[in-house]
Number of protein chains: 2
Amino acid sequence: MARTATPGSREKILCTAGGLFYRHGVRAVGMNQVIDAVGCGKNLLYTHFPSKDDLVAAYLRACRRERDRSSAAFTEQVPGDDPAARLRALVGEIAATATRPDFRGCAFRLYLTEFPEDEGEPARVARDYLRDTRAEIDGLVARLDVSDPGQLADRIWLIVEGLYASAARPGTAAAAATATRLVEDLLADATPN
Amino acid sequence: MARTATPGSREKILCTAGGLFYRHGVRAVGMNQVIDAVGCGKNLLYTHFPSKDDLVAAYLRACRRERDRSSAAFTEQVPGDDPAARLRALVGEIAATATRPDFRGCAFRLYLTEFPEDEGEPARVARDYLRDTRAEIDGLVARLDVSDPGQLADRIWLIVEGLYASAARPGTAAAAATATRLVEDLLADATPN
DNA sequence: TCGCTGGCGGACCGATCGGTCCGTTATCCT
DNA sequence: AGGATAACGGACCGATCGGTCCGCCAGCGA
């Protein structure tokens, strides 16, 4: 043997490609562009990721890991297991993510609007994320003592969608503040407390 | 001369191309695909629309006309000029549009997420629409007798964004109903009345 | 009837797409 | 030092991109 085999090359590829995909859109970024940006040979990229779909799926899986990590970091700060506090934390985490300077939208939602008819692995990863997030909200709201849990969950979900969408446009901070405040008011109104 | 020149060919091209762009995404649809779907020669298409950008801009302008028409049809049904009623009509019209079976999202928002860095004519048309809609909401809310018009307008806008986003996914009808109800509640809570 | 003309449809252009392959170089082990 | 090998980097593949051009045919006017 010679040259230790691939130290952190896979991570580097994934990170670089992910940045390009997120910033410019998946379809707008070609494989050659990824290779140029990484500064590696075609061989290396195609051994790690046999096709663009594989690379895109890995990119979305990495986004998922990052989202779960960030979400966990936020929710584990809330003491006890007060569902209302967890809901506020959940929305607060999204608001915090959305106000980061390089935010351009939710990676999964962006992918799904770019490939509305995709049924492959990337679309599965994206749809799973949306389903799981929605389920998390439903589960938390169900533990609340409110008269119409379904309606409240629907409303919070609507606000989350609105936050992701409008934070991608100018006025990000205002959108984040509006969403958090609105969810807080909704929770305050709904729970007798 | 011979053969009367182009009767409704331009409209036919625009309609067909628009349908493809909206359904599958602008980037996913090639000019040859448009030509095949229209069933015309390349000549005809490129005389009406010298480039794809021209065709896309025309498509978005047509969407704008359609939106304005539909919006006007809804708001002119509200008697007098009660701003709260007009706001309800505005959101109701979006909800009605979003529940149409072929709805896949707001054409302008879809375009902007597909081409986040475009500064050309299509992006201008799309951004103008968003700006105008937002301004319309602001103007109506400003005429309301509420303590914090800015906050209410922000909230309604957030809900509109959420409605457009979540109506593009399964559960369209629920999203539309949730958005209209939420806006109604917001207006009821905000106006002393 | 013949010529003119509008439009169809495809050949063609250079560029780029995703993906394969291979020659060269650089590095480490023996 | 020498040989093995991982990775670079680019040539190359067929397909498709947006866009140009032209040959052919259909249909109307003179």
Side-chain angles (χ1 to χ4, degrees), chain A residues 1-60 111 114-115 117-123, chain B residues 1-60 111 114-115 117-123:
Chain A
M1 270 160 266
R3 290 257 233 128
T4 117
T6 53
S9 59
R10 186 190 165 89
E11 282 65 30
K12 186 181 174 189
I13 291 171
L14 202 46
C15 179
T16 307
L20 291 174
F21 286 152
Y22 181 70
R23 247 196 310 281
H24 309 293
V26 172
R27 227 185 202 122
V29 175
M31 292 298 264
N32 288 327
Q33 215 173 323
V34 172
I35 286 159
D36 289 349
V38 174
C40 70
K42 292 200 143 197
N43 255 332
L44 187 61
L45 189 149
Y46 276 104
T47 44
H48 282 303
F49 307 97
S51 76
K52 187 178 185 179
D53 245 45
D54 290 304
L55 180 58
V56 173
Y59 150 62
L60 289 178
Y111 179 83
E114 209 175 353
F115 298 86
E117 308 173 291
D118 183 33
E119 296 294 339
E121 181 68 4
Chain B
M1 267 161 266
R3 291 257 233 130
T4 119
T6 54
S9 58
R10 187 189 164 92
E11 282 66 29
K12 186 182 174 187
I13 292 171
L14 202 46
C15 180
T16 307
L20 290 174
F21 287 153
Y22 181 70
R23 247 196 309 279
H24 310 292
V26 172
R27 227 185 202 120
V29 175
M31 292 297 265
N32 288 328
Q33 214 173 324
V34 172
I35 286 158
D36 289 349
V38 174
C40 70
K42 290 200 146 198
N43 255 333
L44 187 60
L45 188 149
Y46 276 104
T47 43
H48 283 301
F49 308 97
S51 74
K52 188 177 184 178
D53 246 45
D54 290 304
L55 181 57
V56 173
Y59 150 62
L60 290 177
Y111 179 83
E114 210 175 353
F115 298 86
E117 309 173 290
D118 184 33
E119 297 293 339
E121 181 67 5

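Each chain gets a letter, A, B and so on, in the order the sequences are listed, and its residues count up from 1.
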Classify A/S51 by what it touches in the nucleic acid, base, sugar-phosphate, or nothing, heavy-atom distance under 4.0 Å.
sugar-phosphate
Between the two end axes of the helix from C/dT1-D/dA30 to C/dT30-D/dA1, each built from 5 base pairs, what angle do you get to the nearest 10°?
10°
Quick check: does any side chain N or O of A/E114 sit under 3.5 Å from a backbone N or O of A/R27, one acting as donor and the other as acceptor?
yes
By side chain to side chain donor-acceptor pair (under 3.5 Å), B/N32 pairs with (sequence neighbours left out) B/K42
Checking B/Y22 against B/Y59 for the side chain to side chain contact (heavy atoms under 4.5 Å, CB included) test, could you report, in this order, the C-alpha distance in whole Å, the side-chain angles of both residues, the deciding distance, and whether it holds?
CA-CA 9 Å; B/Y22 181 70; B/Y59 150 62; 3.5 Å; yes
Integer-rounded Å distance: [N] [atom2] and [X] [atom1]:
X     : N      : atom1 : atom2 : answer
B/N43 : D/dC24 : CG    : C1'   : 12 Å
A/I13 : D/dC8  : CD1   : C1'   : 12 Å
B/K12 : C/dG7  : NZ    : P     : 13 Å

Partners passing side chain to side chain contact (heavy atoms under 4.5 Å, CB included) against [X] (at least two apart in sequence or in another chain):
X      : answer
B/D53  : B/S51, B/P122
B/R23  : B/L20
B/E121 : B/A57, B/R61, B/R124, B/V125

Is the shortest side-chain N/O distance from A/K42 to OP1 or OP2 of D/dG9 below 4.0 Å?
no
Contact check, residues 21-40 of chain B vs DNA chain C, heavy-atom distance under 4.0 Å, returns B/G39, B/C40
